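Beneath this line is the structure, given in structure tokens, with notes to follow.
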Amino acid sequence: MRAGSFCALKARGAMRVQHYRVAGESVAVRNVETPEDVRAFVDWCRSNRSRPVAFDTETTGLDIYAPGFRVRLVQFGTEREAWVLPVDTAAGMGYAPHEAVREALETLPYLLAHNAKFDALAVSAHLGVDLVRLWRRITDTRILAHLLDPRGPQDPDGIGHGLKPLSARHVDPDAPDTQAGLYAEFRKIGHTKETGWAAIDLRNPLYTLYAGLDVILTSRLFAALGPLVEFAGYGRLSEFEHAVALVCARMEARGFLLDVEYTETLAARLLAEADEWSAVARRFGVSSVNAPAQIAAALEGMGENLTETTDSGALKVDKEVLMPIADLDRKWQRIGAREANPLAEAVLRAKRASKWATSYADAMLSRRDGNNRIHPDIASLQARTARMSISRPPLQQLPSGDWVIRRAMQAEPGCVVGAVDYQAVELRVLAALSGDVQMTAAIHAGKDLHGFTAELIYGPGFTEYHRKVCKGIGFGKVYGGGPDTLSRQTGAPLDQVKAAIRAYDRAYAGVRRYSKRLQDRAEWGAKEVVTPSGRRLPLDRRKLYAATNYMVQSTARDVLAEALLRLDERGLTDYLRLPVHDEVVFAAPAADAKDIGREIQAAMSVKDFFGVPLTTDLEIGGRTWGSLYGAAA
DNA sequence: ACTTTCACG
DNA sequence: ACGTACGTGAAAGTG
């Protein structure tokens, strides 16, 4: 069915109803625009209390906490019909049935939503609905879809977790792309993808139709996925993920305080720094430091010999290539091995400064709420290994070697920032899952694992350099890396790395056997690994070597996710600010920070994880996050 | 839309 | 037989 094929009926005094076809069946979208319509909606809610009802919101944008954000429509629906209720009082419709919407959200016992966290946070922040009580009644179809297939749209055979691709697969191959359709409508009314959401008329027929169709599709998606979830035995895991998502949503709602004055000064300084170095690059004929082809040409013109190439065959001029040419080591210190190429150094410094300015400092400033708090998008179930991700701004990947960016985030007045992280959690998970005797014994003995490996391989006279090589090999092996990559990554010569790998496999025979078993099983049976939590992770045919990594990364993620639930049980959620893969960042009153930190530690630590202890480190800093990375406060 | 680069664990 | 480094988010340039 095409978008234009619906017909709108509006007899005098009758509700505006739009009809459409989904999966060969007629569906109705009812627009609530009068007190009479509201009464009909309330009656409908009463008669649907025993059935799952999908809900969704249309809003002015994605930044729930930005000044000016508004919820515009709230929709409810089942497989055959949807009710669209305008709640945007700023739109001048003269009628906004807030009370009915609130009541529906507070009393319907079984709610569905796709990507429910967004809608739940929006209605809790702007319609006064209690988040926790609402969340308890929600099933998020995105969570179900992720459990059934965690692959993203960019992965081989992956379709991702958007409502559109999932509907096309499970509901109706011709289901409309409601978002794309709306963008076209926005352009028609002289707006863009960004501005259209706030500007479009609340009664625009395409807008209300698509709003209604989204809940109908969500209902039907649930009807398709629900039985699959049951059949796969994912009931408990689904409950677990919903609980984890709530803790993360509460972190997101609370937000993390930004030091605005500091960040503004920092952004200006970084921008000036980027400008200075860009000016230097320009003197060498590079008009943009973000244009690799220009940089490569200019460097070759200066007599540099570039050999590394990208996947598409172009000359590579990334940090790894440029640092040696600029005679800089990994800590940006002069090596003294050659004369520094001034263009290479200018490009490196300009790029770093501008990335830090735009991706971090500016991103933080532009996304603060009225109280200068940042509410990053915490996706509790995101990667194909189920790892969490944080975006807008990307607070999980702020520079860690320098404190200047993290210094921007701070605790409330009178409070300090702290962090609790697991010690070498992925290696410990590997030891636990593989049951490797040697590795498990080393952990129990409280040994430094990389030093222990170095001793096994090089003997008691091993050096710090040997330890570093072994650390690289330990990580590289978990990732599935071969000798070439490990040699490149660790900087150690190839023959030495090969010898170290052989020694490593001998020392940790259990790990080797475990990896082989996972891969063999994948080769002969289903192309997947199954984690201890029961999560099934599909493998790419051409990447079966990733089996161990998926297993370890995903299990480590589940360790943190379970820890979040224990933290929540102990009433510690309000202190939490961020999950960062193997750690949590928290803020607490200065006087109690030590006690609270220890409580967090106690909740996170695991005495016996398949025979291996998962221990944690506690760090208490000062007022700012940067203080944990060397800043003064 | 795709590529390249760079920030994290 | 050989060889494969895993997972993210974001900006900017190129086509």
Side-chain angles (χ1 to χ4, degrees), chain A residues 150-155 274 278 286-296 308-323 347-348 350-363 367 376-379 381-402 405-406 419 421-422 424-427 430 472-490 497-498 501 519 529 537 539-554 556-557 560 578-583 585 629:
Chain A
R151 288 173 293 193
Q154 72 291 342
D155 297 320
S278 294
V286 171
S287 66
S288 167
V289 293
N290 289 309
Q294 276 187 43
I295 297 164
E308 300 234 38
T309 55
T310 65
D311 288 338
S312 70
L315 287 174
K316 201 166 202 174
V317 284
D318 65 3
K319 204 167 150 188
E320 209 183 300
V321 171
L322 294 186
M323 287 294 253
V347 167
L348 285 165
K351 280 177 75 170
R352 182 167 73 159
S354 73
K355 180 182 174 71
W356 289 16
T358 57
S359 292
Y360 306 131
D362 285 348
R367 294 192 39 82
D377 185 351
I378 304 176
L381 179 61
Q382 176 67 17
R384 68 184 293 177
T385 55
R387 258 192 172 192
M388 302 181 184
S389 81
I390 299 187
S391 57
R392 305 161 58 246
L395 295 189
Q396 268 182 337
Q397 50 235 62
L398 306 187
S400 59
D402 187 326
I405 299 292
R406 291 184 197 239
D421 71 314
Y422 287 105
V425 68
E426 292 204 344
L427 274 184
L430 178 62
I473 288 172
F475 275 108
K477 293 281 287 178
V478 177
Y479 290 150
D484 284 331
T485 324
L486 292 183
S487 165
R488 196 153 34 80
Q489 282 295 317
T490 57
V497 168
K498 280 182 176 162
I501 288 175
Q519 234 174 113
V529 292
L537 303 174
L539 297 164
D540 296 342
R541 270 193 306 282
R542 335 173 65 104
K543 234 161 85 170
L544 295 183
Y545 62 86
T548 310
N549 179 251
Y550 285 7
M551 193 72 162
V552 169
Q553 189 179 105
S554 193
R557 178 275 185 191
L560 186 78
L578 298 171
V580 192
H581 303 309
D582 64 347
E583 72 170 313
V585 179
Y629 294 80

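Every value quoted in this text rests on a predicted model; they were computed, and no experiment measured them. Letters A, B, ... are given to chains in the order of the sequence lines, protein chains preceding strands, and every chain is numbered from 1.
When both pairing distances are held under 3.5 Å, C/dC6 makes a Watson-Crick or G-U pair with B/dG9.
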Distances for protein N/O vs nucleotides 5-8 of chain C N/O pairs under 3.5 angstrom?
unit_1 : atom_1 : unit_2 : atom_2 : d
C/dA5  : OP2    : A/T485 : OG1    : 2.6
C/dA5  : N6     : A/Q489 : OE1    : 2.7
C/dC6  : OP1    : A/Y545 : OH     : 2.6
C/dC6  : O4'    : A/N549 : OD1    : 3.2
C/dC6  : O2     : A/Q553 : NE2    : 3.2
C/dG7  : OP1    : A/Y550 : OH     : 2.3
C/dG7  : OP2    : A/K543 : NZ     : 3.1
C/dG7  : O4'    : A/Q553 : OE1    : 3.2
C/dG7  : O4'    : A/Q553 : NE2    : 3.4
C/dT8  : OP1    : A/R384 : N      : 3.1

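Close to B/dT4, at under 4.0 Å from its OP1 or OP2, lies a side-chain N or O of A/S312. A close approach under 4.0 Å does occur between a side-chain nitrogen or oxygen of A/S400 and OP1 or OP2 of B/dG9. For the pair A/K319 and B/dA7, the criterion of a side-chain N or O lying under 4.0 Å from OP1 or OP2 is met. OP1 or OP2 of B/dT4 sits under 4.0 Å from a side-chain N or O of A/T310.
With both ends at atom C1', the span from C/dA5 to B/dC8 equals 16 Å, rounded to whole Å.
Checking side-chain atoms of A/Q294 against main-chain N and O of A/V289 turns up no donor-acceptor pair under 3.5 Å. Between the A/R557 side chain and the A/A386 main chain, a donor and an acceptor come within less than 3.5 Å of each other. With hydrogens and angles disregarded, a donor-acceptor distance shorter than 3.5 Å links the side chain of A/S554 to the backbone of A/T385. Judged by distance alone, the side chain of A/R387 and the main-chain N or O of A/Q553 form no donor-acceptor pair under 3.5 Å. Side chain of A/S487 to backbone of A/P483: no donor-acceptor contact under 3.5 angstrom is found.
The separation between A/D311 atom CG and B/dT5 atom P is 10 Å, rounded to whole Å. Here the P atom of nucleotide C/dA11 and the OH atom of A/Y360 are 10 Å apart, to the nearest Å. In this structure, CZ of A/R392 is placed 23 Å from P of B/dA7, rounded to the nearest angstrom. Following rounding to the nearest Å, A/K498 (NZ) and C/dG3 (C1') show an atom-to-atom distance of 11 Å. Nucleotide B/dT3 holds its C1' atom 12 Å from the NZ atom of A/K316, rounded to whole Å. As rounded to whole Å, 12 Å separates atom C1' of B/dA7 from atom CG of A/D402. Summarising the geometry, the separation between CG on A/L427 and C1' on B/dG9 is reported as 13 Å, rounded to the nearest angstrom. The CD-P distance, from A/Q519 to C/dT4, rounds to 13 Å in whole Å.
In this structure, A/L544 reaches neither bases nor backbone, as no heavy-atom distance under 4.0 Å exists between it and the strands shown. Using a 4.0 Å heavy-atom distance criterion, A/V552 is classed as making no nucleic acid contact. Residue contacts shown for A/L398 are limited to sugar-phosphate atoms, with no base heavy atom under 4.0 Å away. Here A/K355 lies in heavy-atom contact (under 4.0 Å) with a base.
Each of B/dG9, C/dG13, B/dA7 was ranked by its minimum atom distance to the side chain of A/S288; first place goes to C/dG13. Comparing atom distances between the A/S391 side chain and each of C/dA10, B/dC8, B/dC6 picks out C/dA10 as nearest.
Minimum heavy-atom separation, A/G476 to A/L486: CA-CD2, 3.3 Å. Nearest heavy-atom pair across A/P393 and A/A363 is CB-CB, 4.0 Å. When every heavy atom of A/L560 is checked against every heavy atom of A/H581, the shortest pair comes out as CD2-O, 3.6 Å.
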